[in-house]
Every structure is written in C-alpha cells, then in structure tokens.
**Student:** 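If you scroll down you'll find the structure; I have some questions about it.
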Amino acid sequence: MARRMAMVLIPQETQKIAEDIRSMRTRGAGRIARAAAKGLVIATSESKAKRVPSLLRDVAVAAQLLYETRPSAVSLPNALRYYYTRLLTQVNRTKGIRELKEVGLKIGQGFIEMSNNAVKTIGQIGSRLIQNGDIIFTYCNSATAFGVLETAYKMGKEFTVYVPETRPRYQGHITATWLDKAGISCSLITDNSIRFLIARSDKVFVGADAITANGAVVNKIGTSLVALAADEARLDFFVAAESYKFSPATMAGELVEIEERDVTEVVSKEKLASWKNVSVRNPAFDVTPPEYIDAIITEQGVIPPQGAIAILFREFGWYSTEQALPWESYLKGKGE
Ligand code: RUB
C-alpha cells in the first residue's frame with residue numbers, strides 16, 4: 001500500500017528507496033544521492049495530481065521523506081535540491097503535467113549520469129597519485145576511493161591495500177570483497193591495528209559524506225583517527241569526493257549534523273538490558289580537520305582543502321538559507 005502523508009500518496013517504490021537508505025541497505029554517499037534522485041523521478045511520474053501545484057506538492061512530500069532518512073551525507077540534500085530546483089524552473093517552460101513528468105525523468109537521469117561520470121573522472125585523476133609498489137591505506141567503503149584504486153590497477157600499477165574492518169557495520173569487509181573481485185591484493189585488518197600498520201604504508205585514500213566550506217571532511221567514524229595516524233607517520237592523506245558532496249549550508253555557518261545510530265549496532269538488546277550503569281554511544285561519522293588533508297580529488301581537479309570554498313561558489317553561488325530546502329513551501333500545497 002502506498003503511504004499517505006499529509007493527503008499525499010508517496011509511491012511504494014519511493015518509500016522503499018527511503019527505507020533502504022534509512023536502514024543502510026543503500027549506503028555510501030554517492031549511492032544514497034543517486035537513489036534519492038531516482039525516488040523523486042518515481043514520485044513525479046507516479047503522481048496522480050491533475051494540476052502542476054499538486055504535482056509539486058507530491059514531489060515535495062517525497063523529497064522531505066527522503067531528506068529525513070540520514071543526516072550526514074550532504075550528497076542527499078544536494079541531490080534532492082538539484083532535482084527540485086530544476087523541476088521548479090521547468091514549470092513555466094513546459095505545457096502541463098505530462099511534459100513536466102518527462103522533464104523530471106530527464107533531470108533525474110541527468111543527475112545520475114553526472115554522478116557516475118564524476119566517480120569515473122575522479123578515478124582517472126586519482127590514479128595518477130598511485131605509484132608502483134605503494135602500500136595504500138583506505139577506510140570504510142567508498143565507491144569513489146575504490147574507483148581510484150581500480151583505475152590505477154587497470155592501468156597496470158602494482159600496489160597493495162590495507163583495509164580496516166570499520167566497526168560497527170564492517171564496511172571494510174565490503175571494500176575487501178570489491179578489491180578481491182577486482183584482483184587487487186589487500187589485507188583486511190582490525191580497527192585497533194590502524195596506527196601500527198599505517199606506519200608501514202605510503203598513502204591514504206578515503207571517501208567523504210560531506211566537505212565543509214573550510215575544507216574539513218565528514219566521513220565514517222574513525223576517519224579522523226586514520227588522518228591523525230597518517231599525519232604522525234607523514235603519509236599523504238587524500239580524499240576522493242564528487243562536488244555534490246560539498247556542503248553549501250556550511251557557507252552560512254551551519255554545521256554538518258553527525259548521525260547517531262541505534263546502539264544495537266554495537267551491542268545486543270539483551271546485553272544492554274543486563275547493564276545498570278552502562279550506556280552506549282554510536283556516532284556514525286566524524287570530522288577530519290583540513291590540516292590533516294593533503295588534497296581532495298574532485299571531478300574538477302585536485303584541490304587543497306582550502307580550495308573547498310571555490311568549488312562551493314562554482315556549484316552553488318552565494319548560499320542563502322532559503323535555498324536549504326526548496327520544496328519546503330510546497331509541502332502543504334502552495335498555490336493549490
Ligand atoms: C559510508 C562512508 C563513505 C562515504 C563515501 O558510510 O563513510 O566513505 O559515504 O562513499 P555509510 P562513496 O556506510 O554509513 O553510508 O564514495 O561511495 O560515496
């Protein structure tokens with residue numbers, strides 16, 4: 001059954017996309033963004049609205065549902081904003097609902113294509129930073145960082161990779177499986193051995209969920225510890241991130257919200273219930289300050305973290321808080 005929300009039917013498939021993001025069946029900032037764009041395309045094409053304002057409200061309600069799934073990956077609101085603002089600009093350029101729906105499909109496809117191409121380009125650019133014989137360190141599971149390694153491998157470069165398990169969700173196991181399938185030799189290691197083994201490595205490649213205006217990187221909890229250890233061992237620390245992971249809201253001084261996930265990811269409900277004085281914290285992301293980052297590899301080129309503001313200006317211009325959620329005023333059916 002489609003779910004009714006403020007008298008709006010959100011298609012079942014869009015609801016499933018939202019639930020998959022919330023439960024982490026769909027995870028990783030890039031995949032979350034592409035899934036969200038697809039969710040809005042479906043919400044547009046399956047809307048039963050007879051008039052454009054009602055269609056905009058239906059899509060707004062779907063956008064809000066998707067927006068509330070996970071707070072830290074800025075790629076998610078950026079993808080929703082990309083779609084919704086473009087849909088709005090097409091309202092006066094199209095003749096009615098059917099044409100607007102067709103345009104919606106093109107906007108969504110445009111985002112997904114742009115995102116996939118960005119990952120590919122970052123792979124090509126980043127692979128130049130890998131030399132034969134390198135021992136590379138990565139963390140968590142980033143398709144973008146993996147793309148760098150895979151491209152370098154396909155170019156014939158020989159290197160090995162250390163992959164920490166990444167408690168509590170063990171995304172490192174996914175990365176190890178991807179590397180294995182690609183034919184790249186790697187060692188899966190416990191998170192506790194990061195400092196010990198990073199001292200025997202050459203460089204670090206990680207992904208990002210968000211990049212702030214001052215060039216700080218929000219990524220899986222523990223990334224900042226990897227950066228500290230890399231700094232101590234004098235390794236280069238590279239971040240591979242598409243430009244839609246840069247956070248425009250941080251230009252207005254907002255902080256990126258750090259997601260706290262369910263504590264049962266860390267200990268069982270039974271164990272928790274057996275304790276009287278123990279509580280558990282499970283923050284999912286942390287912030288690596290720009291001082292610990294040597295370069296951010298984007299599809300627009302390799303930039304120092306201090307260059308983040310240039311990408312933000314280029315992508316979003318001057319940011320105003322009204323841009324935050326362009327669908328907000330349509331949630332209750334503006335203009336109906
Ligand atoms: C995933 C994570 C990844 C970034 C970048 O966290 O921190 O490093 O999202 O991934 P989670 P990508 O598993 O909690 O989503 O490069 O694939 O976009």
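We count ligands from 1, going down the list as the structure has it; atoms in each ligand are counted the same way. Only heavy atoms go into these numbers, but all of them, side chains included; no hydrogens, no water, no symmetry mates.
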**Student:** Using a strict 4.0 Å cut-off to heavy atoms of Gly30, name the atoms of ligand 1 that fall inside it.
**Tutor:** 18 (O)
**Student:** Would you say ligand 1 has an N or O under 3.5 Å from any N or O of Phe285?
**Tutor:** no
**Student:** Taking heavy atoms and a distance under 4.0 Å, where does Tyr139 meet ligand 1: side chain, backbone, both or neither?
**Tutor:** neither
**Student:** Run the contact test for Ala284 against ligand 1 with a 4.0 Å cut-off on heavy atoms, strictly below, and give the result.
**Tutor:** no
**Student:** Can you find a non-hydrogen atom of Arg169 under 4.0 Å from ligand 1?
**Tutor:** no
**Student:** Tell me the closest heavy-atom pair linking Leu225 and Asp286, and the distance in Å.
**Tutor:** N-OD2, 4.5 Å
**Student:** What atoms of ligand 1 come closer than 4.0 angstrom to any heavy atom of Asn219?
**Tutor:** 2 (C), 3 (C), 4 (C), 7 (O), 8 (O)
**Student:** Less than 3.5 Å between some nitrogen or oxygen of Glu242 and one of ligand 1, yes or no?
**Tutor:** no
**Student:** To the nearest 0.5 Å, how far apart are CD in Gln131 and CZ in Phe159?
**Tutor:** 11.5 Å
**Student:** Using a strict 4.0 Å threshold on nitrogen-to-oxygen distance, state whether Lys16 and Glu13 make a salt bridge.
**Tutor:** no
**Student:** Which ligand 1 atoms are under 4.0 Å away from a heavy-atom of Lys245?
**Tutor:** 12 (P), 16 (O), 18 (O)
**Student:** Does the distance from a Lys or Arg side-chain N to an Asp or Glu carboxylate O, for Arg167 and Glu165, drop under 4.0 Å?
**Tutor:** no
**Student:** Nearest protein heavy atom to atom 13 (O) of ligand 1, by residue and atom, and its distance?
**Tutor:** Arg27 NE, 2.5 Å
**Student:** Between Gly28, Gly207, Ala143, flag the one that comes closest to atom 17 (O) of ligand 1 by a heavy atom.
**Tutor:** Ala143
**Student:** For the residue pair Glu242 and Thr144, confirm or rule out a side-chain donor-acceptor distance under 3.5 Å.
**Tutor:** yes
**Student:** Would you mind running through ligand 1 and noting each atom that sits below 4.0 Å from a heavy atom of Thr144?
**Tutor:** 12 (P), 16 (O), 18 (O)
**Student:** For the side chain of Thr14 and the backbone of Ile42, is there at least one donor-acceptor N/O pair under 3.5 Å apart?
**Tutor:** no
**Student:** Between Glu102 and Arg98, is the closest basic N to carboxylate O distance under 4.0 Å?
**Tutor:** no
**Student:** Output the list of atoms in ligand 1 that are nearer than 4.0 Å to some heavy atom of Arg31, sorted by atom number.
**Tutor:** 17 (O)
**Student:** Go through Asn117 and Glu299 one step at a time and tell me if the side-chain contact (heavy atoms from CB on, under 4.5 Å) criterion holds.
**Tutor:** CA-CA 8 Å; Asn117 286 342; Glu299 74 279 17; over 6 Å; no
**Student:** Answer yes or no for Asn141: is there a heavy-atom contact with ligand 1 below 4.0 Å?
**Tutor:** yes
**Student:** Which atoms from ligand 1 have a heavy atom of Ala208 less than 4.0 Å away?
**Tutor:** 4 (C), 5 (C)
**Student:** Got a salt bridge between Arg25 and Asp20, using NZ or NE/NH1/NH2 to carboxylate O under 4.0 Å?
**Tutor:** yes
**Student:** For atom 2 (C) of ligand 1, what is the nearest protein heavy atom, given as residue, atom name and distance?
**Tutor:** Asp209 OD1, 3.3 Å
**Student:** Quick one: do Arg22 and Glu19 make a salt bridge, cutoff under 4.0 Å?
**Tutor:** yes
**Student:** Nearest non-hydrogen contact with atom 15 (O) of ligand 1 belongs to which option: Glu259, Arg70, Lys220, Gln171?
**Tutor:** Arg70
**Student:** Keeping Ser47 on the side-chain end and Leu55 on the backbone end, is there a donor-acceptor pair under 3.5 Å?
**Tutor:** no
**Student:** Do ligand 1 and Ala29 have nitrogen or oxygen atoms that lie under 3.5 Å from each other?
**Tutor:** yes
